[in-house]
Amino acid sequence: MSKTPLLEIEDLCARVADKEIVKDFSLTINEGEVHAIMGPNGAGKSTLSYVLCGKPGYEVTSGSVRFKGKDLLSMSVEERAREGLFLIMQYPVEIQGVPVTTFLKHAVNAVRKHQNLPELDTMEFIKTVREEGKKLGITPDMLKRPINVGFSGGEKKRLETLQLAILKPSLAILDEADSGLDIDALKVVAEGINAERNEHNALLVITHYQRLLNYIEPDYVHIYADGHIVKSGDKNLAIELEKNGYAAFVKEQ
Amino acid sequence: MSGLLQKNIDLAGSNIPWLEGLRDKGREAFILPTAKTEAWKYTKLRDLSADDFVLSGTDEDKSHGEEHCTCGQGECHCHHHHEPQTNLPFAGYEIHFENGILQTLAFDLPKGVMIKPLMEAVFDGDDVKKYLGKDIDLASYPFAALNTAYLEEGVYIEIEEGVILSKPIILINHTHSCHQNIMAYLRNVIVLENDAKATIIEDFEYTGEEKSRYFNNIVNEIYINKQAKLEHYKLQNEAYKAVHISLSSVRVREGGFYESFCCQKGANLARNETKISLKEEHAEAVVNAVYLMNGWATIDTTTDIEHLSPNTKSQQLVKGVVGGNAKGVFQGKIHIAPNAVKTEGRQLHKALLLSDDAEIDCKPELEIYADDVKCSHGAASGELDKEQLFYMRSRGIGEEEAKRILVEAYLNDVINQISQEDIKTWMLSQATINQEEK
Amino acid sequence: MDNKQQTPEILDESGDKYKYGFTTDIASETISKGLSEDIIRQISLKKGEPDWLLEFRLQAYRYWQQMKEPTWAKLSYDKIDYQDLYYYSAPKQKVAPKSLAEVDPKLLSTYEKLGIPLKEQEVLAGVVAVDAVFDSVSVATTYRAKLAEKGIIFCSISEAVREHPDLVKQYLGSVVPYTDNFFACLNSAVFTDGSFVYIPRGVKCPMELSTYFRINAQNTGQFERTLIVADEESYVSYLEGCTAPQRDENQLHAAIVEIVVLKNAEVKYSTVQNWYPGDKNGKGGVYNFVTKRAACRGENSKISWTQVETGSAVTWKYPSCILQGDNSVGEFYSVALTNNYQQADTGTKMIHIGKNTTSKIISKGISAGHSDQTYRGLVRVSPNADNARNYSQCDSLLIGKNCGSHTVPYIENRNKSAILEHEATTSKISDEQLFYCQQRGLDEETAVSLIVNGFCKEVMQHLPLEFAIEAAKLINISLEGSVG
């Protein structure tokens, strides 16, 4: 297994509206790895993903984050995305009047332009999107609809997964902190994500329940509380957690 | 003497320069709106100027003897003193007006609450001077100008800092003139200091001949200071030929809350206007109303809410039901000033037309100068749901009864928002359709 | 609209004239500045008009003199001196550029973005006359031949006055009487030219009638007048304007569009308005005071207005539908975008008179920069309009802190069986939406234009496809400089 670091977080502190949420958080993710961050509700797990993506309103107060060796924190939201950081959001926002394909085409071409690649041919692009969509149970009709508008929770997640498959990021963050997804949808999404895994990309899964990890098997599991990792281990830690609850670990510190 | 603005009327305190100066401003500013006045586009005042209204309580009013009386009751009661009567199903500090003239104020008030006749407050040199007319641009509000010209009757209410009044203050006005057309002008100044809480109820009734024609003009000036809260309820149940024009001007400071509900069901021409300035951050207003009218009346609900600071919030829900030849008017404006970001303004007006000759005119308006806002308005009008009506009739409920039930259900979702249980119950009992065609 | 004015000669004359580089020669003669009965007589004389039309103009003029310029709209602009204008063919002051190299590079870059072919760019910039570019002869000939076959009349209103006086006399001013409003009255007195369309009974017009090809009529249509009559069972789709920015010396525009729709007929009228909006400091720009109205006179008649308004410094425009015929339908789809110091007060009127009449209003307003925009609309249901229906949706989007957006609907219902619904919202582009787009790699400007175009989509889809694509590009260009 290669040990090229993809994401290196060192002593990261961040706040939202004057409230410290992330405190001295450190984590390194190498190429080819799957990490899971688990933590009780309200621990600020989603905050971590927003901080990494640069969402306005989330302020980094100290620490550093390197992504593929570059300073991530100095990049704009879209630069981070173009570099290959992708966030599968808990609640993807609706945008009236913008069809899925139109949106995706803009995104793909923005990323390709960043990589000095030519724009995709429209027909070729539509073909690819349809094929990928089919695997995820997304019909051509759904692709014509405005993005996320009127889609069910499960459908929205499928659309997020479709974007992952098309944009092929180096690091995907799956923010599934506490949103409910039915088992069938969960399976489809997990399969979609697994299909995209290879030795050069990595995955960070943020979740409250262990059940997701039955479908996406992690190499490392971290327990997150009070703004940082309180314990790390392999997938067995997640199983232990499911049995004993968070309280045991949170107390340990 | 005729015309609304009359000369040579003796008013108390005419020797006080600032007061007389204010009245002069009112006299100068008053112009009867015409059909071209945008603010009165839908509420026509044509026949108002032709009325021979006599100012209530003047010698001219009193000089009319019983020979002119149209009561038909054998004995005229117009100038007799009426024992204050009330049908309200709850207790409170009751302030009675007869034909717009304040009767005695007889109750003990808790510490930190002052209620006095307006002129007494003027003579006593109370703070009333700094509040009177401060927030009202007389050129834009002709009837407030007229009210200012006649400024004399009314009360001054001041609730000191942190005082929470558990019982409501109830302003009851009974009009019972029948031998001639009287007009009455009421001016109330209500001040809630920081953290104070109070409830005000206005109740307009008539006890004289139901055909009597009279004109009530009311201006309330309400000042809600920091974190203070005022609940303001009103029932307008004037005689069916009466004219009722009222303006409540409300200023809300930081964290203050103004919540109002008005039910209008009387008068031939009625306008209940509310103008609110949400001056400082987190100021909030809820302005709800219902109206129901038959006959030939015009019934008007007008609001103007100014969001002047960030994080202010307003909400309006107005529902009306009009039958006969009546006309319902709703004009609602939400204004957001340039710096008033993170504000929320919501407004909804809905109306039912019950007859072929009824009419609804509606002008909701958004005037927005800040980008980070959430504002919306909605308006809808239509008739009673025929399916629902049919369903009820198929279960044996008579058509009129079915209509009444549906109308009440329609209005009740506004009334049910009233938080005080006894006031809600009272309003529910009042908001019923008048079956008589007048 | 005006310099894309119907040029009768293109449709009218034989192809030979084009070979000799024929252009409209109206501009060679002008009448002195100012407005008087004498000037109006001169205009009428030059146009060789019949007495009844001169009389119509004079009556309008006399009435106009007693009228006051309206001030109720939420617009502020310098007072217009009506005696300081030319009412007949303002002289061309500009010397035409000899090649594109002499043309303002900004203008050219805009053409580029709109994807206008080079040859067309030359025409728009005034380098060459239209006939040198288009294969006008064949276009015009095929056009005319096709239309004539069906008995459709499509010509300038001047020509129509000469060739079809009865039709013009019957309908001119019947939808917008000269007494209607200040600007309509002025137009009635001094209108110079415009289009006339007559679709005979039972005829579906086989092509979109467009003013797009007629871009060489410079300066004729400051006071444009268009009259469209759709006879029973007929159909026509009419496109007005073009997306290319038009440099225009005329500051005041006061046009009238009158449409008569008879039984079972349908008219679709689409506009893209991109007059010069003034510079980014609000200097210059066109004042656009337009009266557009359609009368659905027959049963089951239908009128649909679609407009994309991005130009002009000041816009005052309320395309209206008079729904007289039972079951008639009126629709209004509008996108108005104001940026910099532009002002627009626009909306519609739906007057329900017939039974079972329905109307729909979809208005999308976008304000950016220091601009100010008002939606003003009227829905009126008359006592006899049983079962009338209206649905109105007015949404406003604000971009930036210095713009204003206002919504002023008037809703008047005098019939209990009518169902009227109005909804309006105002908001800015949400931070969440921007973040989402940016997280997928889009820059802010692209994200904004994507979101804005999405916001407008419901309206844009009512434009003919080609027009819609151009209009979308136009919106992106008009948004430039509003982000960040």
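Naming: A, B, ... by sequence-line order, numbering from 1 per chain.
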**Q** Using non-hydrogen atoms only, which part of A:P169 is less than 4.5 Å away from chain C: side chain, backbone, both, or neither?
**A** neither
**Q** Measuring from C:Y436:OH to A:E160:CD, what's the distance to the nearest 0.5 Å?
**A** 3.5 Å
**Q** Compare every heavy atom of C:G441 with every heavy atom of A:A81, then report the nearest pair and how far apart it is.
**A**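 Closest approach of A:A81 to C:G441: CB-N, 3.4 Å.
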**Q** Just wondering, are more than 12 heavy atoms of other shown residues or ligands nearer than 6.0 Å to CD in A:E10?
**A**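 Check fails, neighbour count at 12 or below.
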**Q** Output the distance between atom NZ (C:K457) and atom OG1 (A:T102), rounded to the nearest 0.5 Å.
**A** 6.0 Å
**Q** Show, in sequence, the C-alpha distance, side-chain angles and deciding distance for A:R82 and C:D443, and conclude whether the side chain to side chain contact (heavy atoms under 4.5 Å, CB included) test is met.
**A** CA-CA 10 Å; A:R82 290 169 190 173; C:D443 58 45; 3.6 Å; yes
**Q** Against chain C, label A:N109 side chain, backbone, both or neither, depending on which of its atoms sit under 4.5 Å from a heavy atom there.
**A**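 Neither part; nothing is under 4.5 Å.
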**Q** How about A:K127: does its NZ atom have over 12 heavy atoms from other parts shown lying under 6.0 Å from it?
**A**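 Counting other residues, nucleotides and ligands, NZ of A:K127 stays at 12 neighbours or fewer.
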**Q** Quick one: does A:R80's side chain get under 4.5 Å of C:Q438's, heavy atoms only?
**A**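 No - every pair of side-chain heavy atoms lies 4.5 Å or more apart.
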**Q** Heavy-atom cut-off 4.5 Å, strictly under: side chain, backbone, both or neither for A:E94 against chain C?
**A** backbone
**Q** With C:R440 as the cation and A:F103 as the aromatic partner, state whether NZ or CZ is under 6.0 Å from the six-membered ring centre and within 45° of the axis.
**A**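 Ring-cation test returns no.
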**Q** What is the distance from atom CG of A:L167 to atom CD of C:Q439, rounded to the nearest 0.5 Å?
**A**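 A:L167 atom CG to C:Q439 atom CD measures 9.0 Å (nearest 0.5 Å).
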**Q** For atom CD of C:Q393, is the number of surrounding heavy atoms from other residues, nucleotides or ligands below 6.0 Å larger than 12?
**A** yes
**Q** For A:L104, which atoms come within 4.5 Å of any heavy atom of chain C: side chain, backbone, both, or neither?
**A** neither
**Q** For A:E78 and C:F435, indicate whether the former's side chain and the latter's backbone hold a donor-acceptor pair under 3.5 Å.
**A** no
**Q** So which heavy atom on C:G454 is nearest to which on A:V98, and how close?
**A**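 So the minimum-distance heavy-atom pair works out to CA-CG2, 3.8 Å.
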**Q** Please assess C:F455 against A:Q96 for the test side chain to side chain contact (heavy atoms under 4.5 Å, CB included), listing each intermediate value before the final yes or no.
**A** CA-CA 6 Å; C:F455 173 77; A:Q96 286 292 348; over 6 Å; no
**Q** Within the structure provided, determine whether C:C437 and A:I95 are in side-chain contact (heavy-atom separation under 4.5 Å).
**A** yes
